[in-house]
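To start, the structure under review is shown below, and the notes come after it.
Everything quoted here is computed from the prediction, not taken from an experiment. Because only heavy atoms are used, hydrogens play no part in the values below, and waters and symmetry mates are left out as well, while side chains stay in. This chain uses plain numbering: 1 for the first residue, then up along the sequence.
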Amino acid sequence: MPCSAIGGGGGEANGSLLNFKLTESTFLASLMPKKEIGADRFIEAHPNYDGRGALIAIFDSGVDPAASGLQVTSDGKPKILDVLDCTGSGDVDTSKVVKADENGSIRGASGASLVVDSSWKNPSGEWHVGYKLVYELFTDTLTSRLKKERRKKWDEQNQEEIAEAVKHLHEFDQKHSKVDDANLKRAREDLQNRVDYLQKQADTYDDKGPVIDAVVWHNGEVWRVALDTQTLEDNPDCGKLADFVPLTNYRIEQKYGVFSKLDACTFVVNVYDEGNIVSIVTDSSPHGTHVAGIATAFHPKEPLLNGVAPGAQLISCKIGDSRLGSMETGTGLTRALIAAVEHKCDLINMSYGEPTLLPDYGRFVDLVNEAVNKHRLIFVSSAGNSGPALSTVGAPGGTTSSIIGVGAYVSPAMAAGAHCVVEAPGEGLEYTWSSRGPTADGDLGVCISAPGAAVAPVPTWTLQRRMLMNGTSMSSPSACGGIALLISALKAEGIPVSPYSVRKALENTSVPIGGLPEDKLSTGEGLMQVDKAHEYLRQTRDVPCVWYQIKINQSGKPTPTSRGIYLREASAFQQSTEWTVQVEPKFHEGASNLEELVPFEECIELHSSEKAVVRAPDFLLLTHNGRSFNIVVDPTNLSEGLHYYELYGVDCKAPGRGPLFRIPVTITKPIAVINRPPLLPFSRMSFLPGHIERRFIEVPLGATWVEATMQTSGFDTARRFFIDSVQLCPLQRPLKWESVVTFSSPASKSFSFPVVGGQTMELAIAQFWSSGIGSHETTNVDFEIVFHGININKDEVVLDGSEAPIRIEAGALLASEKLAPAAILNKIRIPYRPVESKLFTLPTDRDKLPSGKRILALTLTYKFKLEDGAEVKPQVPLLNNRVYDTKFESQFYMISDANKRVYAMGDTYPSSAKLPKGEYNLRLYLRHDNAQYLEKLKQLVLFIDRKLEEKDVIRLSFFSQPDGSLMGNGSYRSSVLVPGKKEAIYLGPPSKDKIPKFSPQGSVLLGAISYGKLSYVEKGEGKNPLENPVSYQISYIVPPNKLDEDKGKGSSTSTKGISERLDEEVRDAKIKVLASLKQDTDEEFSEWKKLSSSLKSEYPKYTPLLAKILEGLLSRSIIEDKVGHEKEVIDAANEVVDSVDKDELAKFFALRSDPDDEEAEKIKKKMETTRDQLAEALYQKGLALAEIESLQGDKPIKAEEGAEKTEDLFEDNFKELKKWVEVKSSKFGTLLVLRERRYGRLGTALKALNDVIQDDGEPPKKKFYELKISLLEEIGWKHLVTHEKQWMHVRFPANLPLF
């Protein structure tokens, strides 16, 4: 049955206007719509009730205090009282404390030397320091703009250097026509390497952004914060710490800063935990500022562009985490509620939300209920943008009883002005995408509607004052601003403010949108009207503030309990059903027993909007303890389609109050599919802009997917359609498929989507509200759906790791189907337990609940290793994919390497991240106020899902015989399933040689399996189950590895005597003791030196001992005489070198050994160890020689006088090392770099160093990058020095970031 969203009703109040034409003033007014909800009429009648005295908490992406219209209220008060980052995304660790030197300088956390302003008061002399990569504070849009600007300047500098390098190369070639000399060749190669290096930098440039230093101190009164932003500025004299005007917590002084003129990004600061944390607050998108502007903006020179309540004040609670794009987190939501209660806010606006599997459920909902019921906050939220199908309202706005959920409405004026359509619609209507009710438990879902678009203020970093946005995100602050006007009036008139009475006033005075009863599912009670709601509140000022809680059970069934009646499935229409309704009056917490609860008694008259369908008692006597009654719903005589009814209660003594409570009854009677094959045509449907056609279909048992065709005709200009399919299944989010299709001309399009057999499916087809406006041509649509299905006896296939195949039984219940199975395994899931857990109480007041309870945090640390680079995704099945419908508060994870570099982070919706080879820590952070819950999670299992590369994806085979997988015969391809006849196939396990080497026992290979493919696909397609219309999860449990056949074989008998073997064991034990000794103090070093001398005299030429002594010298951390220490290293290295018979070693490696000869293999291993010890000694000697040269002023060290050698010691040592190892390898390449540097060939040194870094399979080594920076500084490439220094903070951060 069609359901029109453009029906009549509402008159001028809801925007109906024929032959609509804008003037300049009405155009400006349409950009910030207020007339639609009566706000303009109300303020005109009551100029001082413009929001004054109302305080709104904006739960959003953050509000820019510098944005246009958000500085002061209409009566001159500060507009924004506080700005908070509740997510922690801007937190900086400032726990490090430093003191200033005699010149007033401190060492910043970034390593920069910072000069503090001598006028800054700091009685303690302690400066807390921290740093932040500034891009972490910016949105992706702003970062992209800055990267483009910075890249342009960087390219200019790089091109200058390239030109200079090419010039030097050209001059060299002009000077040397022939370069036969080896040194000339190397010199030219160095010049060429410089050119190549610069050009390569242009190709690999990746801007991670500037680093800003934060300094925090206490001036005796408040905590102060200053930032050093020199790295953001082109002018070296700008951005200095000493020039920064210190800020304090925003709520104290309401002051903010701007990072630089280039970014134009506003920020505020807040200090926590006694100066150990500073929160730098920026917005994570323009969304929050836009929302705040709709609700409260004040433009004294442009009053038509004012927000709805220009006199209201607000606090900004950022719940959109910048680290996650702008996704809300449980931490952000909880802290925001704490702040709203602490600030004694009147209202909360939250334009965020998502689908939920359980309405009116979860930790956040519990906290909201407390805020509303105990602290009397009025909570307003968006209903969602998932329409036009029914049951698409999101959490929390559309699914929570204590929240006013707002739908989005567009008036003719808004369409013509804000949206600039060529012809305005004749009447106002709900936006096509606005989410619809009812909720899964039958509640209406949408409470009221308000304008869903505005041209409102946006942050300064967008480089514009305002922009157009639309969504229920915009309708919510419009309604919230309207409610702020009511609060302003109620406070001024001495009328108690209660979320219960305000909601009742809004619902009972709204103007209906559309003329059909079922339009309420789209619009709620209608378009709110501020002036009428105010009059209602005046008239009912003496009525008790009560919320009527409704609990409904089907008679005889204690569960589930619902808030409305929703008959959707076919079985519900065969007979009448009886329902028990419990009505419980709920007073605010703290209500007086004797003065409010005991006297409460109301005589309620019950009204049914259609007594033939919904029958109820006529009257009800209601007291504080509530009352239950039964109703009967008879849907048996209803036609197919959507039907909506209400049962509502009216006060017999004061019927003017309107309905005190409403019980929604939604009935969607589905069409039965009786045709075979199961085809359902919907012919000649006519569409105009905004029109919606709904069809409810009983999906046949056995159907698993739909193939649909949409044919359009009869129109001229392009047409845009929304096509939705929705099914409801218990304890699941709505199963929704959606598509937005544009037809530029009459044409046909095909779709396919999965369905669940036996469940009612809504098919909603809507022409977008503004599509085709001005054309006056009706769009004709023929829509045909065909159900397909292959039924199997296993929803999820689990291969147990054995060689046995899995038998799968398949059948087609509806029509003949081609059985063409396909299965792949494309990722591996490895389970991990935490190696460490820490449970602690969070110290700051932002984590203290209004009840006084402090929130606790549990940090779990997991370790995992990747032998090769891979794409991974962490999974915590208990907690993932639930934000609002969970009793746990929040979770957050970070993946970092051994250098503390963070590669990935996420929360309830983990994302895939590409990680290079290496070892990683994953820290998982969980929060709750109940320690027992967190204690139970100390051994929480976490999965790491690793995506297999395309070459490693395993494609499984199917067989028609049980032994086919082993014998290799009986391969199964496809066949045709006939209704009434089942067929069985066997799925073989993967061959063991295809299982990835990195698959430990207990891990699981995961993938997908499908059984059918689309009827219209080309031959050869459909081999990837994920591309077929329906696929299911398949898993393979990795079995134990096969035993090593060589393991356990006896080794050859030793030919050494017992005495000799005993002496060797004692010697090795002594060396082990030497290696274990610490050298942290002079006394410990003395003991170590004493023992090493003793062992040297005992085993004078034993290479392993001498190598261990060298290793011990190199491990010393505290060195006063650096030159002396390096000489000791050289002497120790020489002793190792002298202990090795190099001729014997060279002779051995000149011959090939027999790998099957065990004794020969032992000798080979020993010789390889000796060679490695020799090479390491030569390498360390070379490093020591180079270090001494550096310390003594770059004078090459010559051999001692009288010695045979008179050559360069470093060069001689290097040549000796080259005999034994590849000096270009990552292990020894540093020496090659230093050698090239000694000869002034810095370009070649850089090339060699880059090769070393790329070949190094371990986590990046800081010493390599420090060496690179020193080479770049020596050449004079300042732009590359700056770039590499910024990257040092990414690769080697001082600390892990805060959660």
Side-chain angles (χ1 to χ4, degrees), residues 704-705 752 754 790 792-810 817-830 867-873 912 914 943-977 983-1001 1003-1039 1041-1042:
T704 52
W705 81 90
S752 66
I790 294 177
I792 53 170
N793 60 339
K794 290 178 170 60
D795 283 343
E796 184 177 336
V797 176
V798 179
L799 294 157
D800 59 13
S802 71
E803 285 68 26
I806 292 289
R807 179 181 177 277
I808 298 171
E809 202 174 83
E817 297 284 357
K818 186 175 182 180
L819 177 61
I824 60 169
L825 298 170
N826 60 357
K827 64 182 176 182
I828 182 168
R829 172 171 288 176
I830 303 175
E867 298 295 344
D868 299 294
E871 187 176 308
V872 303
K873 179 193 283 189
S912 296
K914 289 186 177 179
F943 295 126
I944 297 291
D945 285 0
R946 175 174 176 174
K947 185 179 179 182
L948 301 182
E949 293 184 25
E950 188 59 37
K951 63 182 177 63
D952 296 323
V953 171
I954 302 169
R955 286 168 172 78
L956 301 178
S957 299
F958 294 85
F959 301 90
S960 56
Q961 301 171 4
D963 301 314
S965 59
L966 192 63
M967 302 295 187
N969 56 16
S971 179
Y972 181 89
R973 297 296 178 197
S974 65
S975 65
V976 176
L977 294 172
E983 189 167 329
I985 54 176
Y986 289 93
L987 172 65
S991 59
K992 299 297 185 281
D993 62 335
K994 290 189 175 180
I995 298 174
K997 294 178 181 178
F998 48 81
S999 307
Q1001 179 183 348
S1003 60
V1004 179
L1005 288 167
L1006 296 173
I1009 184 171
S1010 67
Y1011 302 95
K1013 54 187 180 181
L1014 296 174
S1015 61
Y1016 50 81
V1017 298
E1018 298 291 331
K1019 189 175 181 181
E1021 294 183 12
K1023 293 182 178 179
N1024 184 346
L1026 295 170
E1027 295 174 357
N1028 290 328
V1030 182
S1031 62
Y1032 308 89
Q1033 181 169 292
I1034 181 173
S1035 55
Y1036 172 79
I1037 301 169
V1038 177
N1041 295 326
K1042 67 176 183 178

List the atom pairs, with distances to 0.1 Å, where a side-chain N or O of residues 992-1000 and a protein N or O form a donor-acceptor pair under 3.5 Å, not counting sequence neighbours.
| from | atom 1 | to | atom 2 | distance (Å) |
| --- | --- | --- | --- | --- |
| Lys992 | NZ | Glu803 | OE2 | 3.4 |
| Asp993 | OD1 | Ser991 | OG | 2.6 |
| Ser999 | OG | Pro996 | O | 2.8 |

Using atom types as modelled and distance alone, determine if a side-chain donor or acceptor of Lys1013 lies under 3.5 Å from a backbone N or O of Glu1027.
->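 Side chain of Lys1013 to backbone of Glu1027, a donor-acceptor pair under 3.5 Å: no, none is there.
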Would you check if [X] and [Y] make a side-chain contact, meaning some heavy-atom pair closer than 4.5 Å?
X       : Y       : answer
Ser1010 : Val1030 : no
Thr704  : Tyr1032 : yes
Ile792  : Val797  : no
Asn793  : Ile808  : yes
Phe959  : Pro805  : no
Ser965  : Tyr986  : no
Leu1006 : Gln1033 : yes
Leu1014 : Trp705  : yes

Within a reach of under 6.0 Å around NZ of Lys794, are more than 12 heavy atoms found that belong to other residues, nucleotides or ligands?
->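 Check passes, neighbour count above 12.
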Give, for atom [atom1] of [X] and atom [atom2] of [Y], the distance between the pair rounded to the nearest 0.5 Å.
X       : Y      : atom1 : atom2 : result
Ser1035 : Leu799 : OG    : CG    : 7.0 Å
Ile944  : Ile828 : CD1   : CD1   : 12.0 Å
Leu1005 : Ile830 : CG    : CD1   : 9.0 Å
Asp952  : Lys827 : CG    : NZ    : 16.0 Å
Glu871  : Leu948 : CD    : CG    : 11.0 Å
Glu817  : Ser975 : CD    : OG    : 11.5 Å

For [X] and [Y], work out which heavy atoms get closest and say how close.
X       : Y       : result
Leu825  : Pro990  : CD1-CG, 4.1 Å
Ser957  : Leu987  : O-CD1, 3.6 Å
Pro1025 : Ser1031 : O-CB, 3.4 Å
Ile1034 : Ala823  : CD1-CB, 4.3 Å
Tyr972  : Ser974  : OH-C, 3.7 Å
Gly988  : Leu956  : O-CD2, 4.0 Å

Go through the steps to decide whether Glu983 and Ile790 satisfy the test side-chain contact (heavy atoms from CB on, under 4.5 Å), and finish with yes or no.
-> CA-CA 11 Å; Glu983 189 167 329; Ile790 294 177; over 6 Å; no
Could you walk me through whether Ser912 and Lys947 pass the side-chain contact (heavy atoms from CB on, under 4.5 Å) test, one step at a time?
-> CA-CA 9 Å; Ser912 296; Lys947 185 179 179 182; over 6 Å; no
